[in-house]
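The next block holds one structure in the form of C-alpha cells; read it before the comments.
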Amino acid sequence: MLVRNLTLRLGRVLAVGTLAALVSAPAWAADPVFPPGSRFGFEPPADMGLSRRFSGFERKEGGATLSVVELPPNAFAELVSGFTDANLLSQGFAVEKREEVKIGDNEGMLYTGEQPADPNASAPAIRKWILVVGAPSVTGLVIAQALPDAETESTMRKLVTGVTLRPALSLSEQVDALPFRIADLAGFRPVRVLAGNSVLLTQGPKDQMQNLEQPILVLAQAVQQPPTAEQRDGFARAALASNQTLKDFVIERSQSYRSNGVDWHEIVARAIDQPTNVPVVVSQTIRFAPDGYLRALGVVREDQRSGVLAKFREVVDSVQVK
C-alpha cells in the first residue's frame, strides 16, 4: 500500500509544472538550505530558490526542480523493492541506471533516467533523478528533474546526492515553519505537521485516535491556480468527495461568501467514516487567494457535533497566511 500510494504521489510530483529550459553556469549555496519544516537540506545553485508549491526547490525562470518527501523509517526497504523498472515506467520514468550510494552514514539508492519525449505534445524528454535515503529515524524520497540543457548531469547529481540530514524538529518548530499562523486554536492542539504545508489538529488528550473518539481538523495550503468564482462550488464539492476515508455524503449546506475582503466557500455535510461505519459531520472551508487557497477539513462524530463546528470556524477564521 505504501509503494502504491508513493507511486501515485511520484507521478504527481514528476508532473509538477511545465519546465522552461534555462542554461546557466550554477553558483552553489555555501551551506545546506532546508525547506521549511524538513529534515533534508540541499545546496542548490544560486538561481534555484525554495518553492512555494511543494517542499523543495525550483529554478526561478523554470527548467529544473527538486522536491523531497519525508516518510517513516521502515519505508526505505519497501520503496527500494517496489521501485522496479516497470513500476517506475508506468509513472513516466524510464530508469537507465540504479546505484547504491552513501549519504553520510546512511544508505541510499539513486535512480537516473528520463521521462521520454511525447511526440504528440511536442514535449522533450526530461532528465530525472530519484534518491531514496534510509536513516534510522526517517526515509527521504528526493525527486529532481531538468529539461535538456538546463543543467548538466554532474550538477543535478551533486544537488541530489549532496543532501544533508539534520535532527528531527520539534512539533512546535514544525508548526512555526508552516506557511500560515493559527492565532486562535479554540481548544484544539497540533498533533502532526505534514509535507511542510499542512497540520493535523485535535481536541482531546489522545495523539493516536481510533474510531474518531476526538474531533480532528486538518489545515493545508496549496499554491496553484485557484478556480474562478463560477467554478468554486464544483471545486469544493469535488475536493470533499475526493476524501477516500468517507462515504455517503449528504450535504447540509454549501455556500460561497466574502468576509474581510477574502473569498470563502463552506460545506457542511453528513457522511460515514468508512473504516468504522461511524456517522460523522464534515466541515470543509476553503479560503481563496490569487495564487492559491487554504483548505480546512474538520471531522467530528455526529453524536459529538454540538458546538464543535463553531470551534472549527474559530480556528479557520484566525488563520493568517504568512
Side-chain angles (χ1 to χ4, degrees), residues 178 180-192 194-195 197-290 292-321:
L178 287 167
F180 53 84
R181 187 176 76 87
I182 305 171
D184 183 1
L185 287 170
F188 284 80
R189 61 184 180 85
V191 174
R192 188 177 305 115
L194 309 168
N197 68 346
S198 58
V199 59
L200 169 66
L201 308 170
T202 189
Q203 186 184 72
K206 294 184 178 181
D207 289 347
Q208 300 293 331
M209 289 152 281
Q210 298 178 349
N211 303 324
L212 290 173
E213 300 118 317
Q214 300 170 181
I216 59 173
L217 176 63
V218 177
L219 301 173
Q221 185 184 35
V223 178
Q224 63 187 59
Q225 186 65 35
T228 64
E230 296 77 17
Q231 298 171 327
R232 285 172 185 164
D233 186 71
F235 174 85
R237 290 172 183 260
L240 184 67
S242 69
N243 191 312
Q244 298 181 356
T245 65
L246 301 175
K247 65 179 182 179
D248 300 339
F249 288 96
V250 177
I251 293 180
E252 295 183 355
R253 68 174 183 271
S254 177
Q255 59 184 357
S256 294
Y257 63 96
R258 189 170 178 82
S259 176
N260 297 322
V262 178
D263 291 324
W264 302 75
H265 189 282
E266 183 180 63
I267 292 178
V268 174
R270 299 189 305 278
I272 300 295
D273 177 59
Q274 293 203 60
T276 63
N277 280 324
V278 172
V280 298
V281 176
V282 186
S283 173
Q284 175 183 270
T285 307
I286 302 177
R287 173 180 173 174
F288 294 100
Y293 57 89
L294 180 81
R295 180 180 179 229
L297 185 71
V299 182
V300 59
R301 294 172 63 120
E302 190 169 24
D303 58 4
Q304 298 175 354
R305 71 177 291 174
S306 178
V308 175
L309 299 187
K311 293 297 182 181
F312 287 159
R313 185 67 175 274
E314 283 185 43
V315 175
V316 174
D317 286 348
S318 78
V319 172
Q320 302 167 0
V321 178

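Positions are given from 1, in the same order as the sequence printed here. Bear in mind the structure is a predicted one, so any value in this text is a computation, not a measurement.
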Check residues 224-234 and write down every donor-acceptor pair under 3.5 Å in which the side-chain atom is one partner and the other belongs to a residue at least two apart or another chain.
unit_1	atom_1	unit_2	atom_2	d
Thr228	OG1	Glu230	OE1	3.3
Thr228	OG1	Gln231	OE1	3.2
Gln231	OE1	Thr228	N	3.0
Arg232	NH1	Asp263	OD2	3.3
Asp233	OD1	Ser254	OG	2.7
Asp233	OD1	His265	NE2	2.9
Asp233	OD2	Arg237	NE	2.8

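- Here the straight-line distance linking atom CD1 of Ile267 with atom CD of Gln255 works out to 10.0 Å at 0.5 Å rounding.
- A donor-acceptor distance shorter than 3.5 angstrom exists from the side chain of Gln284 to the backbone of Ala236, with no hydrogens or angles considered.
- Taking CZ of Phe180 as the reference point, atom OG of Ser198 lies at 7.0 Å (rounded to 0.5 Å).
- Enclosure of atom CD in Gln208 is not indicated, since only 12 or fewer non-hydrogen atoms of other residues, nucleotides or ligands lie within 6.0 angstrom.
- A side chain to side chain contact (heavy atoms under 4.5 Å, CB included) with Val282 holds for exactly one of Val300, Asp273, Leu246, Ile251; it is Leu246.
- Leu201 CG to Ile216 CD1: the interatomic distance, rounded to the nearest 0.5 Å, is 10.0 Å.
- Side-chain N or O atoms of Asn260 include none that pairs as donor or acceptor with a backbone N or O of Val262 at under 3.5 Å.
- Remark: side-chain polar atoms of Asn243 are paired, donor with acceptor, to backbone N or O of Thr245 under 3.5 angstrom.
- Separation of atoms CG (Leu217) and NZ (Lys311) is listed at 13.0 Å; rounding is to 0.5 Å.
- A donor-acceptor pair under 3.5 Å links the side-chain atoms of Thr202 to the main chain of Pro215, judged by distance alone.
- The backbone N or O of Lys206 lies less than 3.5 Å from a partner atom in the side chain of Gln214, making a donor-acceptor pair.
- Separating the CZ atom in Phe312 from the CD atom in Gln203 is a distance of 8.0 Å, to the nearest 0.5 Å.
- Salt-bridge annotation for Arg189 and Asp207: present, with a side-chain N of the basic residue lying under 4.0 Å from a carboxylate O of the acidic one.
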